[in-house]
Amino acid sequence: MDLIYKSTRNNNETATASEAILKGLANEGGLFVPERIPKLETSLSELSSMDYRGVAYEVMKLFLTDFTEEELKHCINSAYDKKFDIPEIARLVKEDGAHYLELFHGATIAFKDMALSILPYLLTTSARKNHVKNEIVILTATSGDTGKAALAGFADVPGTRIIVFYPKNGVSPIQEKQMVTQRGDNTSVIGIHGNFDDAQTGVKKMFSDAALAEEMNQAGFQFSSANSINIGRLVPQIVYYVYSYVTLLAKGEITEGENINVVVPTGNFGNILAASYAKEMGVPIAKLICASNENKVLYDFFETGCYDKNREFILTSSPSMDILISSNLERLIYQAAGRDADKNRAFMADLNEKGAYTITDDMRNQMKDFYGNYASEEETAKAIKEMYEKTGYIMDTHTAVASAVYKKYLAASGDETKTVIASTASPYKFTRSVMNAIDPAYDKQTDFELVDELCRLSGVKVPQAIEDIRSAPVLHDTVCEKEDMCREVKKILGILK
């Protein structure tokens, strides 16, 4: 039986999986959610004997029910191949009492590769299934990692164009260099004067602009999204939480049915929501530990039940989490509100108009599996330094936020449940912040001197993604005001009047 997707803001708006992937965002700014979370049909012990591709198929077939077996396996096998530098695709590393799930072995050395390697295949398959004739324009806002991973995934994919907006002064030097050197005749990268929330708001505004959609349609274009608002991004992320559990099982670290905890550094809430969905599918996850940096809007939400973005936006050393509007939280709010689109729409209206909303005690009670905390800049740097000095293992700044929050949870709860920490980026992506945490004297060196020093310290080969940008020319140098984002899109598509 096909799994139907509904909009979080209108229960009458439904879509098949392929329609939801194509559209990206529902009408009225809603997000598509499955009408129910399917249960795993294969036992955890059976899954533990499969490779990543096998687990991916067993998970994704339950969500993408209008894809044939042949179509879905083609998407999976095309995505999870030699683009990843290890055969297992994702790796679990045990360090200092926790299992670090390394999600950064893809082409752009960040966890976004896990979903954005497959999204172009899901999207083009969806277009064929739905007889789409228009060229698909992928419109994306990034806080640093989604942009490069999406650009790499969609570069020169026939029938698509991709336009990425990023905060000009809100990403790491390596992240920016990765984006602005991107090759591909169908790729465009634009910096904006503003922060990630400004970029994301501008993109959402274009998605919900009916007049713009008609104008584009007349010119043979239609929008879709590579952000985690697209269900085609979220479903592949569920896979690696299932995979991490069955890998622990295969290694004999846990017994079947034994609970684990999961720690996720998150800003937009998609990565931890995927872990929550894995739990609902039947993976024995006890606590979902939500780790924030100093932009601790999610921590405050779990503490008080009030989501309030009316605060200072702080630029941190973990820029992919520098977010005050956590888009994917809406999916959890909708679920906790009894899948009542009217209630959810009212909360989102309050967020839009007042910058804040407060959920009911009953809704908070439904989120009791979540624990929120945050790490300051000082605590993040300390976590990197201490881990290196204790074990020789070097974490990036986002993983360090998660590691620091895990230590806080452990101290507060005494909960010794075996724990998986999502390691969301290679330290090479944030070399300066990582090396300065180990020793501030490193700050005198250039970015690529630091890359070579990190290689020497860690014993980990410099990833190809970094080697590729050492001397790559800048191909994208457009910067605009946040108010001019739509104008830039029209200019790229040749429909500016």
Side-chain angles (χ1 to χ4, degrees), residues 36-40 42-48 55 58-59 62 90 92-103 111 234 237-266 269-292 298-299 301-303 305 326 328-329 331-333 335-336 359 361-375 399 401-424:
R36 57 183 168 79
I37 304 298
K39 297 293 183 189
L40 287 168
T42 310
S43 72
L44 295 166
S45 58
E46 284 178 89
L47 289 169
S48 71
V55 174
E58 292 301 322
V59 172
L62 303 174
L92 272 172
V93 178
K94 191 175 183 180
E95 296 290 351
D96 195 25
H99 299 269
Y100 286 79
L101 176 61
E102 292 185 347
L103 298 169
F111 83 101
L234 194 56
Q237 291 182 271
I238 301 167
V239 174
Y240 49 73
Y241 292 109
V242 180
Y243 180 76
S244 65
Y245 186 91
V246 299
T247 300
L248 289 176
L249 193 55
K251 287 182 171 184
E253 292 281 353
I254 56 173
T255 56
E256 187 168 4
E258 182 180 345
N259 278 340
I260 64 167
N261 291 335
V262 172
V263 189
V264 186
T266 189
F269 206 74
N271 205 6
I272 195 164
L273 183 68
S276 173
Y277 280 8
K279 176 183 169 83
E280 284 193 66
M281 292 187 82
V283 178
I285 296 171
K287 275 288 177 193
L288 296 149
I289 299 168
C290 179
S292 300
L298 286 167
Y299 163 67
F301 170 71
F302 284 116
E303 283 289 291
S326 303
N328 276 286
L329 184 63
R331 287 184 162 114
L332 185 67
I333 297 296
Q335 192 167 315
I359 62 171
D361 289 342
D362 178 57
M363 289 172 70
R364 284 188 72 188
N365 192 46
Q366 292 184 55
M367 300 177 188
K368 60 183 183 300
D369 292 341
F370 286 88
Y371 165 90
N373 215 318
Y374 75 100
T399 307
V401 167
S403 185
V405 165
Y406 172 58
K407 294 283 171 61
K408 289 184 178 185
Y409 171 75
L410 209 53
S413 67
D415 181 3
E416 296 286 347
T417 301
K418 284 163 189 163
T419 297
V420 168
I421 296 176
S423 181
T424 53

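Only heavy atoms go into these numbers, but all of them, side chains included; no hydrogens, no water, no symmetry mates. Residues: numbered from 1 along the sequence shown.
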Problem set entry | Geometric cation-pi criterion, Lys279 with Tyr245: 6.0 Å, 45° | no
Problem set entry | Lys287 side chain vs Ile260 backbone, donor-acceptor pair below 3.5 Å | no
Problem set entry | Atom pair CG/OH of Leu234 and Tyr277 - distance to nearest 0.5 Å | 6.0 Å
Problem set entry | Pair Glu253 + Lys418: basic N to acidic O under 4.0 Å | no
Problem set entry | CG-CG distance between Leu92 and Leu248, expressed to the nearest 0.5 angstrom | 5.0 Å
Problem set entry | Contacts of type side chain to side chain contact (heavy atoms under 4.5 Å, CB included), residue Ala404, not counting sequence neighbours | Ala375, Ala383
Exercise. Between the main-chain N or O of Glu280 and the side-chain N or O of Lys39, is there a donor-acceptor pair closer than 3.5 Å?
Worked result: yes
Exercise. Partners of Ala286 by side chain to side chain contact (heavy atoms under 4.5 Å, CB included), sequence neighbours excluded?
Worked result: Asn259, Asn261
Exercise. For Thr417, does its backbone N or O pair with a side-chain atom of Thr419 as donor and acceptor, under 3.5 Å?
Worked result: yes
Problem set entry | Passing candidate, side chain to side chain contact (heavy atoms under 4.5 Å, CB included) with Val283, options Val242, Ile238, Leu47 | Val242
Exercise. At what distance, to the nearest 0.5 angstrom, does CE of Met367 lie from CE of Met363?
Worked result: 5.0 Å
Exercise. So which pairs with a foot in residues 402-423 pass ring-ring contact (aromatic ring centres under 6.0 Å, His included), sequence neighbours left out?
Worked result: Tyr371-Tyr409
For this session: Please confirm whether Phe301 and Phe269 have ring centers closer than 6.0 angstrom.
Result: no
For this session: To the nearest 0.5 Å, tell me how far Thr266 OG1 sits from Leu288 CG.
Result: 11.5 Å
Exercise. Between Ser43 (side chain) and Glu46 (backbone), is there a donor-acceptor pair under 3.5 Å?
Worked result: yes
Problem set entry | Whether Tyr374 and Tyr299 hold their rings parallel, tilted or perpendicular, with breakpoints at 30° and 60° | tilted
